[in-house]
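One-based numbering, in listed order, for ligands and for the atoms of each.
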Amino acid sequence: MHDFRYVGNKLFCEGVAVETLVKKFGTPLYVYSQRTLTDHFQKLDSALGALDHLVCFAMKSNSNLAVLRTIANLGGGFDIVSGGELQRVIAAGGDPRKCVFAGVGKTEAEIEFALLENIYCFNVESEPELQRINKVAARLKKIAPVAVRVNPNIEAHTHAKITTGTYENKFGIEFEKIEGIYARASKLKNLRLRGLQMHIGSQLTTVSPFEQAIRKVLPLVEKLKKRHALEFFSIGGGLGIVYQPVLASGSADWWQSAAAKNVLTPAKYAARLVPLLRPLGLKILLEPGRFISGNAGILVTRIEYVKRTGKKNFLIVDAAMNDLIRPAFYDAYHEIVPLTRKGGAPISSDVVGPICESGDYFCKDRPLPKLGEGDAIALLSAGAYGSVMGSNYNARPLPTEVLVNGKKFAAVRERQAVAKIWADEKIAPWQK
Ligand code: LLP
């Protein structure tokens, strides 16, 4: 949250007062900090400096073209999960040869497109998928680079909806079956066994589950490396970030603050994992999403009404669950701060959107400053799985997105015109 801070009483993103952005672009508004994106990418990249490695940004967390361009300019690759994401990489000027393609349901058309674009590797999630990739590659007279995703059956101790590395999940192939699968796959003529991949879950806040999973899988990677001349081992993404209040920490360099002592920093991550991985002598891939983009974005919204009932103080804002679904979907916590800092006693408040669902809330019974109609507030840590999970529910247009770089800023996504919401719909011929 490091480039969003108060200067005097005003919330700034880098060198720009967020209020200035609101005046120019209106609300709801996503604001991204290029410096934070860069800083997080580089912190991780340099922590792994002792390894031959590639950081592939999990663009499912934020796929705005300007965000992708930032990562591409830093030399990063991309973890993609659809043909659409690959098209976005290309549109942003990223390099398909630095892309790994994950996901359990790749279609033939997606496989063909990715092969023609010469992606680095397919991260394969089942044996039928291996066969399908081999078949498409044969038709195109190409050799498809593949890595199988091993499910190490390690509990990641995170939210149930974002745990992926146990046998309860649909992801990957059971640890015990991997050697057999590589043996069979090595007979498929249009495949090249390029690596092994794993990803155990998202928003992990300690290194231990990563370490446990790596320790379990290492002997397997060693064997496969020898047998099939693997080139890389991907340890997935999942590094957690701090959602709990951090602006309050007051430290100029947040990474040096007391709060940072309790979180998973790239330095801690690398200190435990690099010594394990280095002797392997393979290229190491990482697929972090949230760690890079999460604290690089905020969602700004304006209070339309204050509604007091006998029990509650509702702040009804102009953003809704269609703009940021994480609180409704995962009960996720996002710190909420006013654009203009206020004194006075806090009031227990619910911040809610205008959508006709009780799930349309951003927080409940949270002590917030006394706020009134027209005040703007920011939902922090909204850069990952925010805008990308947005929808047009209730015919609400997708919000403007702005990228800030020092004192410069630019709209990197225009507010969707309302008529575009139904631009692809039609009245049936018999209704005319
Ligand atoms: N690699 C694979 C194979 C993944 O499935 C994911 C995330 C990542 C990498 C990136 O994980 P990260 O580094 O961002 O934790 N919408 C949820 C998170 C879903 C994560 C899905 N997979 C949320 O808002 O918390």
In plain terms, say whether R194 and E231 are close enough for a salt bridge, that is, a side-chain N and a carboxylate O under 4.0 Å apart. yes
Run the salt-bridge test on E112 and R139 with the 4.0 Å N-O cut-off and return the result as yes or no. yes
Would you check if the side chain of T301 reaches a backbone N or O of A319 as a donor-acceptor pair within less than 3.5 Å? yes
Answer yes or no for [X]: is there a heavy-atom contact with ligand 1 below 4.0 Å?
X	value
P288	yes
A384	no
Y330	yes

Between ligand 1 and [X], is the shortest N or O to N or O distance under 3.5 Å?
X	value
Y385	yes
G238	yes
S202	yes
S61	no
G289	yes

Would the F12 and Y6 ring centres measure less than 6.0 Å apart? no
Would you please indicate if the ring centroids of F362 and H334 are separated by under 6.0 Å? no
Testing the basics here: between [X] and [Y], what is the closest heavy-atom pair and its distance to 0.1 Å?
X	Y	value
Q197	G236	NE2-CA, 4.3 Å
N190	N134	N-OD1, 2.8 Å
A50	V274	CB-CG1, 4.1 Å

Is it true that the side chains of H53 and D45 contain a donor and an acceptor less than 3.5 Å apart? yes
Heavy atom under 4.0 Å from ligand 1: found in [X]'s side chain, backbone, both, or neither?
X	answer
H199	side chain
R326	side chain
N123	neither

Ligand 1 atoms nearer than 4.0 angstrom to some heavy atom of M389 are 16 (N)
Near R290 (heavy-atom distance under 4.0 Å), the atoms of ligand 1 are 12 (P), 13 (O), 14 (O), 18 (C), 23 (C), 25 (O)
